[in-house]
Protein chains: 2
Amino acid sequence: MNTLSYGLLSLLSHSPLSGYDLMLRIQPFWPAKHSQIYPLLSALEKENQVSFETVSQSDKPDKKVYSITSKGLASLREWLAEPASDPVMRDELMLKAYCVSAVDPVIARPLFQRRLEHYEAKLIRFEEKIASIQRDGGLSDGESPNYHSDRFGAYILLNKAMMSSRTNIEWCRWVLDLIPNTNENSGND
Amino acid sequence: MNTLSYGLLSLLSHSPLSGYDLMLRIQPFWPAKHSQIYPLLSALEKENQVSFETVSQSDKPDKKVYSITSKGLASLREWLAEPASDPVMRDELMLKAYCVSAVDPVIARPLFQRRLEHYEAKLIRFEEKIASIQRDGGLSDGESPNYHSDRFGAYILLNKAMMSSRTNIEWCRWVLDLIPNTNENSGND
DNA sequence: AACCTCATGTAACCAGTTACATGATTCG
DNA sequence: CGAATCATGTAACTGGTTACATGAGGTT
């Protein structure tokens with residue numbers, strides 16, 4: 001049982017999902033391709049951590065909808081009791097930032113400009129999702145779902161994502177202010 | 001040439017370093033073990049991207065000190081001109097957070113409490129390093145090194161790390177306020 | 001003597017990505 | 001009819017971790 005397997009159990013603890021849906025939903029928290037997820041689901045099924053039923057769809061191909069079993073939920077609870085390992089962040093931009101002075105500002109600026117736009121787009125999506133959770137739970141702005149609500153997990157995760165995006169936006173703008181703007185090829189957008 | 005190889009060139013663009021030192025210094029930006037770094041350095045040396053000289057030390061074992069070559073610097077500049085790929089973050093705590101309602105608050109709280117302490121410790125180290133860069137550059141509080149200064153890269157990276165730590169601390173405290181504190185086993189610290 | 005840090009390297013394994021492969025359904 | 005999305009799977013490869021291996025020098 002590796003971390004991704006527990007991640008799949010974590011998602012399934014809220015509702016049954018197909019392998020394809022699991023792959024899409026786990027992306028923001030633990031990026032993984034379908035080729036990694038399908039074999040793990042087979043393994044989890046062999047260990048009776050999850051079960052599946054084939055669901056026919058009229059408009060789309062058939063799918064295997066997985067549910068967590070009581071054994072899977074027990075594994076999940078044991079895993080939750082253990083300390084979480086340290087986060088791992090790998091960002092090519094950080095490696096580039098360290099040696100950015102080796103190139104002209106005209107080369108350097110787009111690196112941070114692109115990243116700024118990336119986080120601005122993400123921020124909008126996160127804010128929309130938080131608003132939708134609050135609508136669904138009948139909560140006013142700033143109010144949080146109860147700890148025992150099944151929206152609690154998604155709510156705290158989305159808030160982390162939103163806060164991180166804002167910090168990254170702030171940092172990108174701060175860096176862009178520090179890089180000389182020689183205005184080469186200005187006015188071309 | 002993979003991303004880690006460029007990361008090594010990035011570090012070497014500031015000053016010559018041993019494989020061991022490279023391994024220690026790249027940790028905050030791109031975690032890697034010595035077993036991954038030594039073979040890459042050999043490969044970079046074969047391609048004449050880096051060169052090394054063996055340095056004898058009286059108090060410690062001999063070391064191979066690597067320097068970037070002009071060919072290595074050219075590769076680095078080409079790489080800098082390409083857009084940086086999206087950052088990859090994998091954090092077990094995020095997977096646990098999503099299903100945290102499956103366990104008692106007494107199990108849940110320490111997860112976030114430990115992470116809070118982790119980021120508080122990191123924040124102190126980052127603030128110290130920023131202060132030391134500012135001292136070395138003869139800068140007053142809030143002043144930044146010039147883009148063309150060789151401290152610029154480290155300075156903007158440390159500021160990102162500091163800002164992220166603060167955001168994470170804020171988030172952990174906010175989550176801890178949302179998790180009911182049943183005060184089981186209280187007063188034991 | 002046992003242990004820690006510094007220092008370099010290889011081997012075996014696990015995790016993750018890219019590519020290959022198939023097929024249904026919908027949309028333009 | 002070609003492209004896009006949904007859906008599932010395997011094979012080959014690359015990236016990254018753990019373990020094995022060695023050895024100098026200093027600390028307890």
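Only this structure's heavy atoms are used, side chains among them; waters, hydrogens and symmetry mates stay out. So that the names make sense, note that chain A is the first sequence line, chain B the second, and so on, each numbered from 1.
Rounded to a whole Å, the CD atom of B/E92 is 14 Å from the C1' atom of C/dA15. With rounding to whole Å, A/D62 atom CG is found 12 Å from D/dG9 atom P. Protein atom CG of A/L41 is 8 Å distant from nucleotide atom P of D/dG9, rounded to whole Å. Spacing between atom CG of A/D59 and atom P of C/dG23 amounts to 21 Å, rounded to whole angstrom units. Nucleotide C/dA7 holds its P atom 13 Å from the OH atom of B/Y66, rounded to whole Å. Between the P atom of C/dA7 and the CD1 atom of B/I37 lies a distance of 14 Å, rounded to the nearest Å. Regarding B/L22, its CG atom lies at a distance of 15 Å from the C1' atom of C/dC6, rounded to whole Å. Protein atom CE of B/M23 is 12 Å distant from nucleotide atom P of C/dT5, rounded to whole Å.
Distances shown here put every side-chain N or O of B/Q57 at or beyond 4.0 Å from the OP1 or OP2 atom of C/dC6. Phosphate proximity of D/dC6 to A/Y20: present, with a side-chain N or O under 4.0 Å from OP1 or OP2. OP1 or OP2 of D/dT8 sits under 4.0 Å from a side-chain N or O of A/Y38.
By the salt bridge (charged side-chain N to carboxylate O under 4.0 Å, His left out) test, B/E127 pairs with B/R166, sequence neighbours left out. Qualifying salt bridge (charged side-chain N to carboxylate O under 4.0 Å, His left out) partners for A/E120, counting only residues two or more places apart in sequence or in other chains: A/R173. The salt bridge (charged side-chain N to carboxylate O under 4.0 Å, His left out) check on B/R77 picks up nothing, with sequence neighbours excluded. By the side chain to side chain donor-acceptor pair (under 3.5 Å) test, B/N146 is found to be paired with no residue, residues two or more places apart in sequence or in another chain being considered.
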Apply side chain to side chain contact (heavy atoms under 4.5 Å, CB included) to the pair B/E92 and B/K96, showing each step before the final yes or no. CA-CA 6 Å; B/E92 202 177 358; B/K96 293 194 181 197; 3.8 Å; yes
Scan the side chains in residues 23-36 of chain B for donor-acceptor partners under 3.5 Å anywhere in the protein, sequence neighbours excluded, and list what turns up.
unit_1	atom_1	unit_2	atom_2	d
B/Q27	NE2	B/M23	O	2.7
B/Q27	NE2	B/A32	O	2.5

For residues 52-68 of chain B, please give each side-chain donor-acceptor pair under 3.5 Å, one per line with the distance, not counting sequence neighbours.
unit_1	atom_1	unit_2	atom_2	d
B/Q57	OE1	B/K63	NZ	3.4
B/Q57	NE2	B/P61	O	2.7

One character per nucleotide, please: for nucleotides 13-23 of chain D, 5' to 3', B when the base has a protein heavy atom closer than 4.0 Å, S when only the sugar-phosphate does, - otherwise. --SBBBB---B
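A rotation axis mapping the C1' atoms of four pairs onto the next four is fitted at both ends of the helix from C/dA1-D/dT28 to C/dG28-D/dC1 over five pairs, and the angle between these axes is 20° to 10 degrees.
Taking every heavy atom of both residues into account, A/S13 and B/C99 meet most closely at OG-CB, 3.4 Å.
Picking from D/dT8, C/dT8, D/dG26 the nucleotide with the shortest atom distance to the side chain of A/S18 gives D/dT8.
Remark on DNA chain C: of its neighbouring residues B/V65 and A/K60, the 5'-side contact belongs to B/V65, judged by nearest-heavy-atom nucleotide.
Legend: ring-ring contact (aromatic ring centres under 6.0 Å, His included) pairs involving residues 92-114 of chain A, not counting sequence neighbours, sorted by first then second residue: A/Y98-B/H14, A/F112-A/W171.
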